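Hydrogens, waters and symmetry mates play no part in the numbers below; they use all other heavy atoms, side chains included. These figures come from a predicted structure and were not determined experimentally.
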Number of protein chains: 2
Amino acid sequence: MAQDEYQHALALLKEHRVRLTPQRKTILKYLIDHHTHPSVEMIYSDLKEHDDSISIATVYNTVRLLVDYHLVIELKNGDGSTHYDYFGRPHYHVVCDNCGKITDVFASQFADLTKELGQITREQTHYLVTRSDIEVHGLCPDCQAKLGLTTVATEVN
Amino acid sequence: MAQDEYQHALALLKEHRVRLTPQRKTILKYLIDHHTHPSVEMIYSDLKEHDDSISIATVYNTVRLLVDYHLVIELKNGDGSTHYDYFGRPHYHVVCDNCGKITDVFASQFADLTKELGQITREQTHYLVTRSDIEVHGLCPDCQAKLGLTTVATEVN
DNA sequence: GGCAATGTTGATAATAATTCTAAACTAGGA
DNA sequence: TCCTAGTTTAGAATTATTATCAACATTGCC
């Protein structure tokens, strides 16, 4: 599966005549394998630990490249730094406002929602819609428990 | 209307024992009146021009405060800097990937969409959902015209 | 496989964005 | 009015990001 993603992404880049350097492959693979929504700094230090030398500038350049080709998306949770997430298969994000954790949701309804959203948007704005980023905020189950909100959780709409 | 928003926001802050300093009021009023999605730098220079002294640090502090109380939301279009938008009445954003323009959409269907989204999310993740940020990407009508895509636009789903 | 053209990397300098600090100030309650 | 905890200010410090450019590596071609 992850292997498929990787091959698919490589093929897309190749199609666009993007040079497949070892660094780019490494970073791409890292992002496919780690759905931890890492920041540039996290990617950099992780890779430096395992593999050897890779420049922070290269990480910046590569994530931007991947964002440009829509293989990866940028996220901000609120702690200042920017996070990245491989976006090969459509999904959306749920951010915990208490601990900052970001969870992926691969809901089957996602496709329907985005389609609907695209239609509404086109009607209202006449934009040519290409994609949608959805970010839901709330409290993760852990934080609900910590804050003693477990019972409330089931009541709230 | 804008006056209502302002009073409503002030009341909310007051309720939370937030000190209503002139700087905070000024910045809040600015954000309510300007739906231009300004960056901190833009707010700062605009206010410095009209009004007199206000520190950039205060602008940073204040927008964060307003974000914390969900009166304002953070946006990134892609040019690096962070933008802010008064969020008194629910809406979502459409970003033009060509020129970076951000358009607000106050679709009546917005409420239904977010409700649906909240339900799906809760089922899938057991998060306690509080709100949703939706960001649609595409090409604005101007850029479609510039790029000669007007005919295509009507064909694409 | 080997070669050349051209894009990429790496280290670091430069710049931009954001936060911190400490002293001075002030909103709001008593 | 007075007090005080919270806020503002200016600038320093820190952090994030981009630019530079010589050395290097990928790709397409033979």
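Nucleic acid contact for B:Ile56: none, since no nucleic acid atom lies under 4.0 Å from a heavy atom of the residue.
A:Glu135 and A:Tyr92 form no side-chain donor-acceptor contact under 3.5 Å, judged by distance and modelled atom types alone. Between the side chains of A:Ser39 and A:Tyr84, no donor-acceptor pair is found at a separation under 3.5 Å.
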Polar-atom pairs under 3.5 Å, protein N or O versus N or O of nucleotides 5-7 of chain C: list them with distances, or write none.
from, atom 1, to, atom 2, distance (Å)
C:dT6, O2, A:Arg19, NH1, 2.9
C:dT6, O2, A:Arg19, NH2, 3.0
C:dG7, O4', A:Arg19, NH2, 3.4

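Counting heavy atoms from C-beta outward, A:Leu20 and A:Arg24 have side chains that stay 4.5 Å or more apart. Side-chain contact between A:Leu10 and A:Gln7: present, with at least one pair of heavy atoms (C-beta onward) separated by less than 4.5 Å. Taking 4.5 Å as the limit, every side-chain heavy atom of B:Met42 sits out of range of all side-chain heavy atoms of B:His34.
Look at NZ on A:Lys25: it is 14 Å from P on D:dA25, rounded to the nearest Å. Rounding to whole angstrom units, CG of residue B:Leu20 and C1' of C:dT26 are separated by 13 Å. Note: CD1 (B:Ile54) to P (D:dT8) measures 8 Å, nearest angstrom. A:Leu10 has its CG atom 15 Å from the C1' atom of D:dT27, to the nearest Å. Summarising the geometry, the separation between NZ on B:Lys48 and C1' on D:dT9 is reported as 13 Å, rounded to the nearest angstrom. Between the NE2 atom of B:His16 and the P atom of D:dT7 there is a distance of 14 Å, given to the nearest Å. Atom pair B:Leu13:CG and D:dT7:C1' shows a separation of 14 Å (rounding to whole Å applied). A straight line from OH of B:Tyr44 to P of C:dT18 spans 15 Å, rounded to a whole angstrom.
Each of B:Thr21 and A:Thr21 was assigned the nucleotide of DNA chain D with the nearest heavy atom; the assignment lying further toward the 5' end belongs to B:Thr21. Along DNA chain C, the nucleotide closest to A:Ser55 and the one closest to B:Val40 are compared, and the more 5′ of them pairs with A:Ser55. Of the two residues contacting DNA chain C, namely B:Pro22 and B:Glu41, the nearest-nucleotide position lying further toward the 5' end is that of B:Glu41.
For B:Arg131, the side-chain hydrogen bond (donor to acceptor under 3.5 Å, both in side chains) partners at least two apart in sequence or on another chain are A:Asp97, A:His137. Residues forming a side-chain hydrogen bond (donor to acceptor under 3.5 Å, both in side chains) with B:His93 (at least two apart in sequence, or on another chain): B:Asp85, B:His91, B:Asp104. Checked against salt bridge (charged side-chain N to carboxylate O under 4.0 Å, His left out), B:Asp68 has no partners two or more places apart in sequence or in another chain.
At C:dA17, none of the side-chain N or O atoms of B:Thr82 fall inside 4.0 Å of OP1 or OP2 (strictly under the cut-off). Note on A:Gln23: a side-chain N or O is less than 4.0 Å away from OP1 or OP2 of C:dG10.
Between its two ends, the helix from C:dG1-D:dC30 to C:dA30-D:dT1 turns its axis by 50°, counting five pairs per end and rounding to 10 degrees.
Of the residues in residues 57-67 of chain A, those placing a heavy atom less than 4.0 Å from an atom of DNA chain D are A:Ala57, A:Tyr60, A:Arg64, in numerical order.
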